> 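Here it is, the structure in full.
The model shown is predicted, which means the values in this text are computed figures rather than measured ones.
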Amino acid sequence: MSVGDDERSSSRGKVMCDLLGPLLLAVSALLFAGRKGVDHQPTSTRSTMSSQQTSLAHEQGQLVRRGRAIFDETPRYAPSYTGAKITCGDCHINSGTEPYAAPMVDLVGLFPMYSKRAGRVISLEDRIQECFSRSENGRPLPPHSREMQALVAYIESLSRNEVKGKSYKGRGLVKLVALTGNATKGKGAYASQCAGCHGADGAGFPPAMPPVWGPASYNDGAGINRPENMAAFLFHNMPQNHPGTLTAQQSFDIAAFLHTMPRPKFNEAYKGY
């Protein structure tokens, strides 16, 4: 090859470098930018999802706390729907967690269920409405009200994800062997065992101690007004400072006495609950 050929080859090589250099740089920049976009997109998505989950968890936590507040201080936090000076926690002790006191733990999985009283299959919301119209001597919570949503959220929070349909230990009031209560003896037992907390007039000292008869008490359609239910509740849970010290017969006697005392009439407009 001649010197002229070498010079022409060198010149062509220089031209190629001059043309390809910027092109290669542009391609590299595009590839880098694309890679950078791919790297950052999942991080941004994860961050957004995490923020949304945190926000939802916060909102749910607030709803649960509101539900517990309504449960523990019902007349205070749901005054439009209560007539009695009784809280949910007066019958469902320790915020609905106490065995043998109609606990709320794992209750969600038992619904829907058939209600003999209502004569139909009911939802958890229906059951809550029963309590408000009977035990609270008030009126049913609207299904989509804030109070209903909060109470359901709280009760759901007590679920331990047990097998659906499996009862928590101490579910309900755990019935006793049926005995015949003596209201006269029950009056004496009430005076010695119950009046210190619930008053000689049965008016109690709300919100610490609920009324057990009178205008501020549960109405005559409440489940606890049935002597067998009241006896079971008393036997397992009362007196509050010495639970388990009443005999079954004393429990039935006191229940019989309470059943004779005046209280509000159930509003038949809510007989569907």
> Would you indicate whether the side-chain heavy atoms of Phe233 and Ile93 approach each other to under 4.5 Å?
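They are in side-chain contact.
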> Is the backbone of Leu141 close enough, under 3.5 Å, to the side chain of Gln129 for a donor and an acceptor to pair up by distance?
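Confirmed, Gln129 side chain pairs with Leu141 backbone.
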> Go through it in stages, so that I can follow the logic: the residues are Met209 and Gln240, the test is side chain to side chain contact (heavy atoms under 4.5 Å, CB included), and I'd like the CA-CA distance, side-chain angles, deciding distance and then a yes or no.
CA-CA 10 Å; Met209 298 295 171; Gln240 193 176 63; 3.0 Å; yes
> Is a side-chain donor or acceptor of Asn94 paired with a backbone partner of Thr97 at a separation under 3.5 angstrom?
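Pair absent, no side-chain N/O of Asn94 close to backbone of Thr97.
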> Using distance alone, with no hydrogens and no angle criterion, decide if Thr87 and Asp72 have a side-chain donor and acceptor under 3.5 Å apart.
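There is no such pair between these side chains.
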> Kindly work out whether a path of hydrophobic side-chain contacts (I/L/V/M/F/W/Y, heavy atoms less than 4.5 Å apart) joins Phe111 to Val108.
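Yes, Phe111 and Val108 fall within the same hydrophobic cluster.
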> Give the intermediate values and the outcome of side chain to side chain contact (heavy atoms under 4.5 Å, CB included) for residues Arg66 and Gln149.
CA-CA 10 Å; Arg66 179 176 176 79; Gln149 292 174 351; over 6 Å; no
> Out of curiosity, Leu151 CG to Glu156 CD, how far, rounded to the nearest 0.5 Å?
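Here the rounded value is 11.0 Å.
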> Can you tell me how far apart OG1 (Thr247) and CG (Leu234) are? Round to the nearest 0.5 Å.
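CG of Leu234 is found 11.0 Å from OG1 of Thr247.
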> Ignoring hydrogens, what is the shortest heavy-atom contact between Ser135 and Ile86? Give both atom names and the distance.
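Nearest heavy atoms, Ser135 then Ile86: O-CD1, 4.0 Å.
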> May I have the step-by-step check of side chain to side chain contact (heavy atoms under 4.5 Å, CB included) for Met230 and Leu258, ending in yes or no?
CA-CA 9 Å; Met230 176 60 84; Leu258 293 177; 3.8 Å; yes
> Under a plain distance cut-off of 3.5 Å, with no hydrogens placed, do Arg68 and Ser95 share a side-chain donor-acceptor pair?
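Looking only at side-chain atoms, Arg68 and Ser95 do form a donor-acceptor pair, the distance falling under 3.5 Å.
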> Going hydrophobic residue to hydrophobic residue with side-chain gaps under 4.5 angstrom, can you get from Ile155 over to Ile122?
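Linked, Ile155 and Ile122 end up in one cluster.
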> With heavy-atom distances below 4.5 Å as the criterion, would you say the side chains of His236 and Leu173 are in contact?
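When only atoms from C-beta onward are counted, Leu173 and His236 do not touch, as no gap falls below 4.5 Å.
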> Strictly distance-based, threshold 3.5 Å: is any side-chain N or O of His198 a donor or acceptor partner for the main-chain N or O of Ala203?
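Not at all, since once roles are kept as given, no pair shorter than 3.5 Å links the two residues.
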> Side-chain contact, heavy-atom cut-off 4.5 Å: Phe252 with Pro227?
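With C-beta onward as the side chain, the pair stays apart.
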> Taking all non-hydrogen atoms of both residues into account, name the closest pair between Asn237 and Tyr100 and its distance.
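For Asn237 versus Tyr100, the nearest heavy atoms are ND2-O, 3.0 Å.
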> Mind checking whether Asp253 and Leu179 have side chains closer than 4.5 Å, heavy atoms only?
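Side chain of Asp253 against side chain of Leu179, heavy atoms only: no contact under 4.5 Å found.
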> Does the side chain of Asn229 reach to within under 4.5 Å of the side chain of Lys175, using non-hydrogen atoms?
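Asn229 vs Lys175: side chains touch.
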> Which heavy atom in Pro211 sits nearest to a heavy atom in Ser217, and how many Å separate them?
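Pro211 and Ser217 have their closest heavy atoms at O-OG, 3.4 Å.
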> Would you say Lys271 has more than 12 foreign heavy atoms packed within less than 6.0 Å of its NZ?
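Counting other residues, nucleotides and ligands, NZ of Lys271 stays at 12 neighbours or fewer.
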> For Arg134, is there an ion pair with Asp220 - N to carboxylate O distance below 4.0 angstrom?
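No salt bridge links Asp220 with Arg134.
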> Answer yes or no: does atom CZ of Arg146 have more than 12 heavy-atom neighbours from other residues, nucleotides or ligands under 6.0 Å?
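No - once you tally the heavy atoms of other residues, nucleotides and ligands closer than 6.0 Å, there are 12 at most.
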> Can you find a heavy atom in the side chain of Pro239 that is under 4.5 Å from one in the side chain of Thr245?
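Of all side-chain heavy-atom pairs linking Thr245 with Pro239, at least one is under 4.5 Å.
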> Strictly distance-based, threshold 3.5 Å: is any side-chain N or O of Asn137 a donor or acceptor partner for the main-chain N or O of Ala84?
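Answer holds: no.
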> Determine the minimum heavy-atom distance between Glu136 and Cys88, stating which atoms define it.
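Residues Glu136 and Cys88, closest heavy atoms: OE2-N, 3.7 Å.
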> So do Arg139 and Tyr270 actually touch side chain to side chain, heavy atoms under 4.5 Å?
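Counting from C-beta outward, Tyr270 and Arg139 do come under 4.5 Å.
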> Ignoring hydrogens and geometry, is there a side-chain-to-backbone donor-acceptor pair from Glu73 to Ile70 under 3.5 Å?
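No; zero donor-acceptor contacts below 3.5 Å.
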> Met261 and Phe205: same hydrophobic cluster, using ILVMFWY side-chain contacts below 4.5 Å?
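No, because Met261 and Phe205 fall into different hydrophobic clusters, even though each may have its own neighbours under 4.5 Å.
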> Can you say whether the rings of Trp213 and Tyr190 are parallel (under 30°), tilted (30 to 60°) or perpendicular (over 60°)?
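Because their plane-to-plane angle lies in the 30° to 60° range, the rings of Trp213 and Tyr190 count as tilted.
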> Answer yes or no on whether Arg263 is positioned over the face of Tyr218, meaning its NZ or CZ is under 6.0 Å from the six-membered ring centre and within 45° of the axis.
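Yes, cation above the ring, under 6.0 Å and within 45°.
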> In Å, rounded to the nearest 0.5 Å, how long is the span from CD of Glu125 to OG of Ser145?
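The OG atom of Ser145 is 10.0 Å from CD of Glu125, to the nearest 0.5 Å.
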> Determine whether a donor-acceptor pair (N or O, by modelled atom type, separation under 3.5 Å) exists between the side chain of Asp106 and the backbone of Arg160.
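Checked: pair present.
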> Ring pair (Phe, Tyr, Trp, His ring centres under 6.0 Å) with Phe71: which of Tyr77, Phe132, Tyr154?
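That would be Tyr154.
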> Identify the heavy atoms of His259 and Asn225 that sit nearest to each other, and give their distance.
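The pair with the smallest heavy-atom distance is ND1-O, 2.9 Å.
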> Check this for me: Gln62, atom CD, are more than 12 non-hydrogen atoms of other residues, nucleotides or ligands nearer than 6.0 Å?
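Check passes, neighbour count above 12.
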> Quick one: which of Leu107, Leu158, Val105, Leu110 gives a side chain to side chain contact (heavy atoms under 4.5 Å, CB included) with Tyr168?
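The passing option is Val105.
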> Same cluster or not: are Tyr81 and Leu124 linked, directly or through other Ile, Leu, Val, Met, Phe, Trp or Tyr residues, by side-chain heavy atoms under 4.5 angstrom apart?
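In one cluster with Tyr81: Leu124, yes.
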> Using a 3.5 Å distance criterion without hydrogens, assess whether the side chain of Gln249 forms a donor-acceptor pair with backbone atoms of Thr180.
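Yes, Gln249 side chain to Thr180 backbone: donor-acceptor pair under 3.5 Å.
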> Apply side chain to side chain contact (heavy atoms under 4.5 Å, CB included) to Leu246 and Gln193, showing your working.
CA-CA 9 Å; Leu246 292 176; Gln193 301 288 341; 4.0 Å; yes
> Using a distance-only test with no angle check, is there a side-chain donor-acceptor pair under 3.5 angstrom linking Asp126 and Ser123?
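Yes, Ser123 and Asp126 have a side-chain donor paired with an acceptor closer than 3.5 Å.
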> Looking only at atom types and distance, does a side-chain atom of Arg76 sit under 3.5 Å from a main-chain N or O of Ala69, one as donor and one as acceptor?
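Here the side-chain-to-backbone pair does not exist.
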> Under the 3.5 angstrom rule, does the side chain of Ser133 hit a backbone N or O of Glu130 as a donor-acceptor pair?
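The answer is yes, because a donor-acceptor pair under 3.5 Å joins these two groups.
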> Within the 4.5 Å heavy-atom criterion, are Arg171 and Pro103 side-chain neighbours or not?
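With C-beta onward as the side chain, the pair touches.
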> For Ala183 and Thr260, which heavy atoms make the closest approach, and how far apart are they?
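Reported closest heavy-atom pair: CB-CG2, 4.1 Å.
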> With the 4.5 Å side-chain cut-off for hydrophobic clustering, are Phe235 and Ile224 part of the same group?
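In one cluster with Phe235: Ile224, no.
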> Out of curiosity, Arg65 CZ to Ser157 OG, how far, rounded to the nearest 0.5 Å?
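OG of Ser157 is found 11.0 Å from CZ of Arg65.
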